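Step one of this worksheet: look at the structure below.
These figures come from a predicted structure and were not determined experimentally.
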Amino acid sequence: MSRPIPPLPRDMRDTILPGHPACHGCPIPMALKTIEAALGKKLILVIPACCTSIVVGPWPGCAINASVVHVAFASAASVASGIVEGLRKRGIEDVHVVAWAGDGGTADIGMASLSGAAERNHNMIYIMYDNEAYMNTGIQRSSSTPSGAWTTTTPLGKREPKKDVARIMIAHGVPYVATASVGYLHDLYNKLKKAARIPGFKFIQVHAPCPTGWRFDPSKTVEVAKLAVETGLWILYEYRDGRITLSPPSRPYIDKSKRKPIIEYLRMQGRFKGVSEEDVRVIEEYVERTWDWIRKYM
């Protein structure tokens, strides 16, 4: 019999304040609540242009109970680096600096500043919430959009595979890289706790299904997120000291026979409505290549 999962801290309810304008079923408040529950109140969030800019709201209002710095699209990692160094110069060591950006501001527009901060090994946590498109500006494709997915700029489905940003960060040799999911908030909580204890640059990529852009019922956000893991399409792991460790929710799925069919995940989302059998085969091959890479570093 498996052990019961303990409840997350009760003060998570105080992180996102009432009246925020997130869409129904939005994964962003789920993840933000988990961040503050794990890291505490001494927290500075650096947020570039993204959906979260709207959720948090413009000055002088703020829908999140934390210090927030709104910055230009490409600059989250570089601004966070400056804040880290400013705090260090003042001898302040008990404040967590977190860059929180979408896949557009990370995998695309913010990649250069992200790479620079990683190479300099600034003591910060960079979190990419991955909703796999530019949702705030009209659901345009990003390099993190998976192949076969509809967006307003790929009406027949994206042809290119999803960019693996976590693997790019591993190639930088940073102290800690992890993947997470809003379907498994305890796993995200534990990874944030661990990242906070490790000096240097930490990167966490959070799978964040978007009901609006992915075209599914808003009540199904967690179900979709979990199905991505259960099909083996989204693999939860940690990278440290040159090795990858599978996280508990993903461990059974190294055995392909234990995974659910990928088509179950695709059918839940309107963005994959037009996929062909060939598209599904391409996605399945991408998943197998990713698992093969995981095995090499375990």
Side-chain angles (χ1 to χ4, degrees), residues 5 7-38 45 47-58 61-66 68 70 100-106 127-142 144-146 148-155 180-189 204-231 233-234 249 264-274:
I5 299 174
L8 289 166
R10 293 178 61 84
D11 61 359
M12 285 179 67
R13 69 184 67 175
D14 301 325
T15 304
I16 301 293
L17 304 176
H20 66 77
C23 300
H24 293 294
C26 178
I28 291 171
M30 302 180 204
L32 287 176
K33 288 181 180 183
T34 309
I35 291 169
E36 190 165 322
L45 282 170
I47 302 175
C50 60
C51 289
T52 310
S53 304
I54 307 302
V55 174
V56 171
C62 187
I64 183 170
N65 190 18
V68 175
H70 290 285
W100 165 271
D103 48 289
T106 302
I127 300 174
M128 169 183 166
Y129 72 93
D130 189 2
N131 54 27
E132 299 186 334
Y134 290 83
M135 299 305 180
N136 183 40
T137 55
I139 320 175
Q140 299 91 348
R141 61 92 82 191
S142 76
S144 191
T145 304
W150 168 92
T151 70
T152 53
T153 51
T154 57
S181 168
V182 297
Y184 299 90
L185 293 179
H186 284 85
D187 179 67
L188 172 59
Y189 178 88
I204 301 176
Q205 185 170 345
V206 182
H207 198 228
C210 171
T212 303
W214 294 18
R215 302 297 196 251
F216 63 82
D217 188 285
S219 68
K220 302 291 185 180
T221 302
V222 170
E223 183 178 342
V224 171
K226 288 188 173 182
L227 194 54
V229 173
E230 293 165 349
T231 58
L233 195 148
W234 186 256
E264 290 187 20
Y265 174 76
L266 303 180
R267 283 173 177 163
M268 285 195 71
Q269 304 165 57
R271 63 174 178 159
F272 289 112
K273 184 177 181 181

Spatial distance of atom CD1 (I139) from atom OG1 (T145) [nearest 0.5 Å] = 10.5 Å
What is the minimum heavy-atom distance between I16 and K33, and which atoms define it?
-> CG1-CG, 3.9 Å
Has the side chain of T153 got a donor or acceptor atom that lies under 3.5 Å from a matching backbone atom of R141?
-> yes
With side chains defined as the heavy atoms from C-beta onward, is the minimum distance between T212 and M135 less than 4.5 Å?
-> no
Evaluate the side-chain proximity of D217 to P211: yes if any heavy-atom separation is below 4.5 Å, no if none is.
-> no
Hey, what do you get for CD (E264) to CG (L233), rounding to the nearest 0.5 Å?
-> 12.5 Å
What are the two closest heavy atoms between A180 and I204, and how far apart are they?
-> CB-CG2, 4.2 Å
Run the salt bridge (charged side-chain N to carboxylate O under 4.0 Å, His left out) check on K226 and E223 step by step: do they pass?
-> CA-CA 5 Å; K226 288 188 173 182; E223 183 178 342; over 6 Å; no
Validation row: V182, V206 side chains within 4.5 angstrom (heavy atoms) = yes
Test item: E132 and P146 side chains (from C-beta on) under 4.5 Å apart, heavy atoms = yes
State whether the side chain of T221 and the backbone N or O of G25 hold a donor-acceptor pair below 3.5 Å, judged by distance alone.
-> yes
Considering non-hydrogen atoms only, spot the tightest contact between P21 and V55 and give its length.
-> CD-O, 3.3 Å
Q269 side chain vs Y265 backbone, donor-acceptor pair below 3.5 Å | yes
Would you give the length of the straight line joining atom CG of L45 to atom CD1 of I127, rounded to the nearest 0.5 angstrom?
-> 8.0 Å
Quick one: closest heavy-atom pair of G213 and W150, and the distance?
-> O-CZ3, 4.1 Å
Interatomic distance, CG@L188 vs OG@S181, rounded to 0.5 Å, equals 9.0 Å
Does the side chain of M268 come within less than 4.5 Å of V224's, by heavy atoms?
-> yes
Is it true that a side-chain atom of S144 and a backbone atom of D103 form a donor plus acceptor pair closer than 3.5 Å?
-> no
Between F216 and P209, what is the shortest heavy-atom contact and its length?
-> CZ-CB, 3.8 Å
Output for pair (C62 SG, H70 NE2), nearest 0.5 Å, gives 6.0 Å
Counting only N and O atoms by type, is there a donor-acceptor contact under 3.5 Å from the side chain of T106 to the main-chain atoms of G102?
-> yes
Does the side chain of N131 reach to within under 4.5 Å of the side chain of P27, using non-hydrogen atoms?
-> no
Considering non-hydrogen atoms only, spot the tightest contact between N136 and C50 and give its length.
-> ND2-O, 3.6 Å
Distance in Å, H20 NE2 paired with I64 CD1, rounded so as to fall on 0.5 Å steps | 10.0 Å
T52 side chain to W100 side chain, donor-acceptor N/O pair below 3.5 angstrom = yes
Is the H207 to W214 ring centre distance short of 6.0 Å?
-> yes
